[in-house]
Protein chains: 2
Amino acid sequence: MATIKDVAAEAGVSVATVSRVLNGKGYVHEETLMRVREAIEKLNYSPNEVARSLFKRESKLVGLLLPDITNPFFPELARGVEDELQKQGFRLLFGNSDEDPEKEKAYIDTFLQNQVVGLISATQAFSQLNDERPAIPTVLLDRTHEGSYTVYADGIEGGRIVARELVNRGSHNITVLKGPGHIQPVQDRFLGAVEVLASSNVNFQVIQMASLTYEEAEQRAKELFSQYPDTDGIFASNDITAAAVLHEALRIGKSIPDDVQIIGFDDIPMSRLLFPALSTIRQPVYEMGQQAAQLLLKLIKKEQVIEQNIQLPVSFIERNTTRKVKRNG
Amino acid sequence: MATIKDVAAEAGVSVATVSRVLNGKGYVHEETLMRVREAIEKLNYSPNEVARSLFKRESKLVGLLLPDITNPFFPELARGVEDELQKQGFRLLFGNSDEDPEKEKAYIDTFLQNQVVGLISATQAFSQLNDERPAIPTVLLDRTHEGSYTVYADGIEGGRIVARELVNRGSHNITVLKGPGHIQPVQDRFLGAVEVLASSNVNFQVIQMASLTYEEAEQRAKELFSQYPDTDGIFASNDITAAAVLHEALRIGKSIPDDVQIIGFDDIPMSRLLFPALSTIRQPVYEMGQQAAQLLLKLIKKEQVIEQNIQLPVSFIERNTTRKVKRNG
DNA sequence: AAGCTATGTGTAATCGGTTACACATGAAAG
DNA sequence: CTTTCATGTGTAACCGATTACACATAGCTT
């Protein structure tokens with residue numbers, strides 16, 4: 001690899017001059033400029049970003065921390081972040097933490113050691129790092145935390161919508177599969193749903209889940225149908241859970257949506273491919289990633305940010321696990 | 001952030017000594033060691049990886065290039081790679097290229113500028129960079145290229161299995177949705193399937209697709225059923241395509257698998273959740289990622305590698321889009 | 001007693017950039 | 001004719017680590 005010295009020698013100038021043309025700052029004679037450009041071309045030179053980072057004390061890297069890219073909710077998020085950062089020449093250092101605080105810390109440490117200019121985290125553990133938060137711009141994504149910059153979808157409203165739709169479409173006996181309480185956005189969905197259910201004229205019960213994995217959901221779904229056989233409406237907290245519930249319902253011979261309506265949350269790509277296609281709440285995931293990246297970019301450039309917390313709207317996606325609503329009575 | 005100088009001052013030694021304890025090489029007096037450790041602890045010091053990289057001329061970073069993490073095939077791959085590298089303290093610089101040579105080049109350039117020690121690429125464009133291949137250890141993943149280190153699944157055998165299963169389970173009129181020919185592993189599946197079909201006593205026809213996206217597949221599926229209404233077996237080239245075909249088949253009232261059998265390829269997570277659950281060829285995706293990482297690690301450490309090309313076996317996953325095979329006639 | 005070797009530590013060069021500062025030149029201003 | 005300023009370029013310090021090399025000390029060997 002050619003260095004700036006090689007280019008300087010080739011062009012017959014000093015390294016300072018080469019650096020000037022590289023960065024387009026300071027005076028450089030037109031002719032010198034040409035010579036340097038030719039030398040760069042000839043040697044196929046491109047500057048060493050590491051040396052640059054060292055001097056500047058910041059890189060063109062951003063750290064992205066996710067719980068698990070394998071969870072179908074996250075690839076779109078990551079893509080939104082990446083597409084937005086990439087435009088500005090930033091690159092992504094990326095890690096899956098599995099919500100394990102140890103791993104989390106290890107990643108953050110090495111990210112910082114690599115002098116990332118910013119951090120985006122969609123992990124719960126991260127948002128709980130009260131003390132010792134990294135001193136660089138940080139945006140929480142799909143998580144919230146007092147005093148942090150955050151981008152998230154309106155989970156409360158999402159939960160309300162689910163409850164309303166279930167009720168409006170005729171469910172009277174609703175079971176909510178409640179996700180782990182320590183995950184804020186999941187908690188919000190639950191709260192929103194309960195708020196509406198409590199003020200509606202329906203029965204409802206809650207089954208607490210320790211995780212939102214397919215495996216646990218399969219188990220809970222069995223319990224659900226044996227414990228509450230009269231359930232005619234289910235809020236599944238996320239689409240993966242909903243998929244498991246849907247499968248179990250079909251397996252035991254329920255007719256969907258006639259016997260039981262099911263609504264998920266997230267609108268991950270597979271939801272439309274389920275059978276029956278899953279009615280769900282759509283979060284604008286890709287856009288959330290983009291917004292987080294844009295917010296981070298502003299923080300990095302120390303531009304003024306108007307909103308510290310960006311909340312994006314959710315919407316109901318009607319598919320075939322809910323009944324058609326009757327119009328005009 | 002504290003630097004090595006701060007630590008040296010705190011411990012009353014020179015930076016060289018601190019460096020020695022950091023790297024555990026060279027002589028350090030027991031007592032000095034203690035003092036330095038305490039200073040490190042006290043200042044909460046951790047070495048600047050950028051400065052290290054500059055001097056050593058290599059980082060602890062590996063570049064990972066994917067076509068699109070949003071394609072459900074890739075998250076597992078990425079996870080396999082990451083988990084394996086993470087164990088050895090390597091971090092991932094990651095980019096989606098959309099198979100766009102421009103983007104591809106931009107990513108590779110910046111990866112190199114950041115002095116990554118190795119590269120893993122699952123993109124087609126990359127494997128076609130004949131000249132000007134980066135001079136650092138590189139492993140192609142799910143792609144092949146003469147003279148490169150590669151990790152991939154046995155697509156030919158996978159294609160054969162599909163054809164055999166379709167035929168053995170009673171299809172006589174088979175349509176193959178052939179993926180784009182320039183993607184080697186996709187081509188292999190096709191070749192394997194044709195090899196078996198040609199020597200079997202069945203009719204078959206081929207529909208060429210320009211991509212393997214859901215959108216195109218929806219379109220082609222319509223053509224398929226109108227052009228070849230007698231089709232009773234479909235090889236869909238990947239699971240996403242299979243999902244589209246399956247939906248279209250159900251939409252026009254075909255009974256699956258009685259009227260038409262469908263087999264996909266990849267066994268992405270959604271496949272088991274489709275209805276009917278999709279019979280497919282499973283690639284050991286996570287393991288492929290791991291193997292690629294392990295191979296790369298060996299190349300980086302200049303250990304001897306026995307196989308330049310690692311081919312992993314595929315297997316048939318029987319679910320409900322294929323008919324049960326009759327045993328003992 | 002002189003010479004070796006093992007141990008322990010510091011000085012300074014180095015990696016490849018950026019930039020403060022000094023200096024030179026020529027044109028314009030007074 | 002001196003002063004001033006814009007333009008153009010080079011020298012060298014610096015970012016934060018690593019490491020070659022020099023040097024010092026102490027214990028062994030012969």
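Order of the sequence lines sets the chain letters (A, B, ...), proteins ahead of strands, with each chain counted from 1.
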Colleague: Between B/L54 (CG) and C/dC15 (C1'), how many Å, whole number?
Modeller: 4 Å

Colleague: Could A/R37 and A/E41 be called an ion pair, given the rule that one side-chain N must be under 4.0 Å from one carboxylate O?
Modeller: no

Colleague: Would you say the side-chain atoms of A/S121 and A/T123 include a donor-acceptor pair closer than 3.5 Å?
Modeller: yes

Colleague: Less than 4.0 Å between a side-chain N and a carboxylate O, is that true for B/R143 and B/E99?
Modeller: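 Salt bridge: yes.
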
Colleague: Rounded to the Å, how far apart are A/K25 NZ and C/dT18 C1'?
Modeller: 8 Å

Colleague: Using atom CD1 of A/I4 as one end and atom C1' of D/dC15 as the other, report the distance to the nearest whole Å.
Modeller: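 After rounding, the reported distance stands at 15 Å.
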
Colleague: Go through it in stages, so that I can follow the logic: the residues are B/L297 and B/F90, the test is side-chain contact (heavy atoms from CB on, under 4.5 Å), and I'd like the CA-CA distance, side-chain angles, deciding distance and then a yes or no.
Modeller: CA-CA 9 Å; B/L297 251 17; B/F90 289 90; 3.7 Å; yes

Colleague: Can you tell me the distance, in whole Å, between the CG atom of B/L22 and the C1' atom of D/dA17?
Modeller: 9 Å

Colleague: Which part of the nucleic acid does A/T3 contact within heavy-atom distance under 4.0 Å: base, sugar-phosphate only, or nothing?
Modeller: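 Contact class for A/T3: sugar-phosphate only.
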
Colleague: Does B/D6 use its side chain to pair, donor to acceptor, with the backbone of B/T3 at less than 3.5 Å?
Modeller: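 Between the backbone of B/T3 and the side chain of B/D6 there is a qualifying donor-acceptor contact (under 3.5 Å).
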
Colleague: Looking at B/N48, does any N or O in its side chain come under 4.0 Å of the phosphate oxygens OP1/OP2 on D/dC15?
Modeller: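 For D/dC15, OP1/OP2 do not have a side-chain N/O of B/N48 under 4.0 Å.
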
Colleague: So which atom in B/R52 and which in B/P47 form the shortest heavy-atom distance, rounded to 0.1 Å?
Modeller: NH2-CG, 3.5 Å

Colleague: So, are B/E49 and B/K60 salt-bridged, with charged N and O less than 4.0 Å apart?
Modeller: no

Colleague: To the nearest 10°, give me the bend of the helix from C/dA1-D/dT30 to C/dG30-D/dC1, comparing the axes of its five terminal pairs at either end.
Modeller: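 Both end axes considered, the difference amounts to 60°.
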
Colleague: Using whole Å, report how far CZ of A/F55 lies from C1' of D/dC14.
Modeller: 6 Å

Colleague: Do B/D83 and B/Q290 have side-chain N/O donor and acceptor atoms under 3.5 Å apart?
Modeller: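 Distance-only check fails for B/D83 and B/Q290.
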
Colleague: Atom CD of B/Q113 and atom P of C/dG17: how far apart are they, to the nearest Å?
Modeller: 9 Å

Colleague: One character per nucleotide, please: for nucleotides 4-12 of chain D, 5' to 3', B when the base has a protein heavy atom closer than 4.0 Å, S when only the sugar-phosphate does, - otherwise.
Modeller: --SBBBBB-

Colleague: Between A/F94 and B/L64, is there a side-chain heavy-atom distance shorter than 4.5 Å?
Modeller: no

Colleague: Please report, rounded to the nearest Å, how far the P atom of C/dT14 is from the CZ atom of B/R57.
Modeller: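 It works out to 12 Å between those atoms.
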
Colleague: Over how many whole Å does the gap from A/Q115 atom CD to C/dG17 atom C1' extend?
Modeller: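 It is 13 Å, rounded to the nearest whole Å.
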
